[in-house]
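This report concerns only the one structure given below.
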Amino acid sequence: RFALLAHLRLGQTLAELGDRERAVEQLSHVFETGRRLDDPVLRELAGQAACNLHRALGSLERWEEARALAEQSVLFTRTLTSGTGRALEAAATYAHAFQTLHDGHEAEAMAELADVVRVGRESGEDVGLRIALDAQLLVGHLHRQGGRLEEAVRAFKDALATVRDGSSTAHEAEFDAMAAMAQVNLGHALLGLERAFEARKAYETALARGRASGLPGGRAAAANAALNLGTILEGDEPEATRREWFEAARTLGRSSGTPLGGECAAQAERALQRLAGDGTED
């Protein structure tokens with residue numbers, strides 16, 4: 001158990017450090033070894049390794065291997081009957097849906113994401129709820145990209161319902177961050193439907209919850225929300241209020257350490273320069 005866990009953690013760490021070729025070697029070993037054993041704990045380690053391995057293979061653009069792995073890992077994780085096993089099934093199904101989406105089959109991917117939400121929520125595990133929430137956010141993004149804004153609004157509201165279901169768990173900061181992501185995307189969809197008042201409320205909530213989370217994703221979502229508040233309310237709010245929003249977007253975006261946060265910070269900086277009369281309109 002300890003040896004296989006060490007290989008898993010090493011593979012995960014190598015992937016985070018960008019050494020994905022070596023990560024694939026470690027994670028493949030865990031998956032191939034663990035899934036052939038009877039010990040439930042080792043089989044769950046194998047399921048976890050499969051999900052990490054799929055991400056690593058995708059990052060390396062080894063899509064044929066990723067496709068085969070996604071199919072194997074879904075079948076394998078369905079044999080895991082514990083709550084953790086169900087959560088791993090949700091994660092493996094998510095990986096398969098992502099693969100299906102990469103292959104250009106959006107309708108099939110949408111159906112698989114619905115399964116992710118169902119299985120993740122049924123698992124009763126915090127990690128299962130987070131995977132379900134990720135799937136709901138992806139559904140919302142796909143609807144929004146396709147111009148299906150009413151469907152996007154429903155998806156993001158469903159995601160927020162999942163957050164409320166998980167609000168009593170020990171992972172409050174993570175749920176705050178994901179709620180902020182859902183709220184800011186809900187704001188974008190509402191704005192596209194010209195429902196500006198509702199969009200403002202969504203952005204304000206995203207700013208508060210993303211800031212409270214203290215996590216990179218939450219801070220980036222909060223920065224995005226603050227930037228949009230300062231932009232869409234031009235002429236409706238005092239300049240001082242808009243300046244506060246842009247300053248918040250700049251600070252939160254920089255501190256998030258994420259590409260989205262960095263872009264929000266850069267846009268907020270340009271907006272502050274325009275307010276000060278030191279810049280020009282793009």
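Since we're looking at a predicted model, the values are computed, not measured.
- In this structure, the side chains of W245 and L227 stay at 4.5 Å or more apart for every pair of heavy atoms.
- Ion pairing between R200 and E204 holds under the 4.0 Å rule for side-chain N and carboxylate O.
- The CG atom of L69 lies 11.5 Å from the CZ atom of F76; values are rounded to the nearest 0.5 Å.
- Of the charged side-chain nitrogens involved, none lies within less than 4.0 Å of a carboxylate oxygen, so that R22 and E25 do not count as a salt-bridged pair.
- When all heavy atoms of P216 and S256 are compared, the closest pair comes out as CB-O, 3.3 Å.
- Between H29 and L4 the shortest side-chain heavy-atom distance falls below 4.5 Å.
- Of all non-hydrogen atoms in G128 and S123, the two that sit nearest each other are CA-OG, 3.5 Å.
- Contact record, V184 with A225: CG2-N, 3.7 Å, taken as the closest heavy-atom pair.
- Residues L8 and V41 are members of separate hydrophobic clusters, defined by side-chain heavy-atom contacts under 4.5 angstrom among Ile, Leu, Val, Met, Phe, Trp and Tyr.
- For the pair R242 (side chain) and G230 (backbone), a donor-acceptor distance under 3.5 Å is present.
- Between the side chain of Y203 and the backbone N or O of N224, no donor-acceptor pair lies under 3.5 Å.
- Remark: E269 CD to C264 SG distance equals 13.5 Å, nearest 0.5 Å.
- Interatomic distance, OG1 of T93 versus CD of Q99, reported as 13.5 Å (0.5 Å rounding).
- The main-chain N or O of E237 is never found under 3.5 Å from a side-chain atom of T241 such that the two would form a donor-acceptor pair.
- Looking at residues two or more places apart in sequence or on another chain, you find a side chain to side chain donor-acceptor pair (under 3.5 Å) between N52 and Q12.
- Residue M181 is grouped with residue V163 when hydrophobic side chains (ILVMFWY) are merged at heavy-atom distances under 4.5 angstrom, including chains of intermediate members.
- Of all the heavy atoms in A180 and G218, the pair that sits closest is CB-O, 4.4 Å.
- Between V127 and A87, the shortest heavy-atom distance links the atoms CG1-CB, 3.5 Å.
- Considering CZ of R67 and CG of D103, their distance stands at 4.0 Å, rounded to 0.5 Å.
- The existence of a salt bridge linking R86 and E125 is excluded, since no basic side-chain nitrogen approaches an acidic carboxylate oxygen closer than 4.0 Å.
- Annotation: side chain of L101 is in contact with side chain of L142 (closest heavy-atom distance under 4.5 Å).
- For S255, the side chain to side chain donor-acceptor pair (under 3.5 Å) partners two or more places apart in sequence, or in a different chain, are R219.
- Looking at S213 and E174, their side chains never bring a donor and an acceptor atom within 3.5 Å of each other.
- The hydrophobic clustering, which links ILVMFWY residues whose side-chain heavy atoms are closer than 4.5 Å, places F98 and M178 apart.
- A pairwise comparison of heavy atoms in A50 and S73 identifies CB-CB, 3.7 Å as the closest pair.
- No close placement of the F156 and H143 rings is indicated, their centers lying 6.0 Å or farther apart.
- Residues R130 and D126 form a side-chain contact, since some pair of their non-hydrogen atoms from C-beta on lies under 4.5 Å apart.
- Side-chain contact between R35 and L42 is absent, with no heavy atoms from C-beta onward closer than 4.5 Å.
- A distance of 9.5 Å separates CD1 in I131 from OH in Y94, rounded to the nearest 0.5 Å.
- Under a cutoff of 6.0 Å and an axis angle of 45°, R195 and F197 do not form a cation-pi pair.
- Hydrophobic clustering, with ILVMFWY side chains joined whenever heavy atoms are under 4.5 angstrom apart, groups L137 together with L129.
- Other residues sharing the hydrophobic cluster of L14, ordered by chain and number and joined by side-chain separations under 4.5 Å: L10.
- Screening residues 37-56 for salt bridge (charged side-chain N to carboxylate O under 4.0 Å, His left out), with sequence neighbours left out, gives R1-D39.
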For residues 104-117, which side-chain N or O atoms pair as donor and acceptor with protein atoms under 3.5 Å away, sequence neighbours left out?
{"residue": "E106", "atom": "OE2", "partner": "R148", "partner atom": "NH2", "Å": "2.8"}
{"residue": "E112", "atom": "OE1", "partner": "T100", "partner atom": "OG1", "Å": "2.8"}
{"residue": "E112", "atom": "OE2", "partner": "H96", "partner atom": "ND1", "Å": "2.4"}

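- Note on L80 and F31: same hydrophobic cluster, where clusters join Ile, Leu, Val, Met, Phe, Trp and Tyr whose side-chain heavy atoms are under 4.5 Å apart, directly or indirectly.
- Residues meeting the salt bridge (charged side-chain N to carboxylate O under 4.0 Å, His left out) test with E65, sequence neighbours left out: R62.
- Interatomic distance, CG of D176 versus CD of Q183, reported as 11.0 Å (0.5 Å rounding).
- Proximity of a side-chain donor or acceptor of T33 to a complementary backbone N or O of V30 within less than 3.5 Å is not detected.
- Looking at heavy atoms from C-beta onward, R78 lies in side-chain contact with L75 at the 4.5 angstrom threshold.
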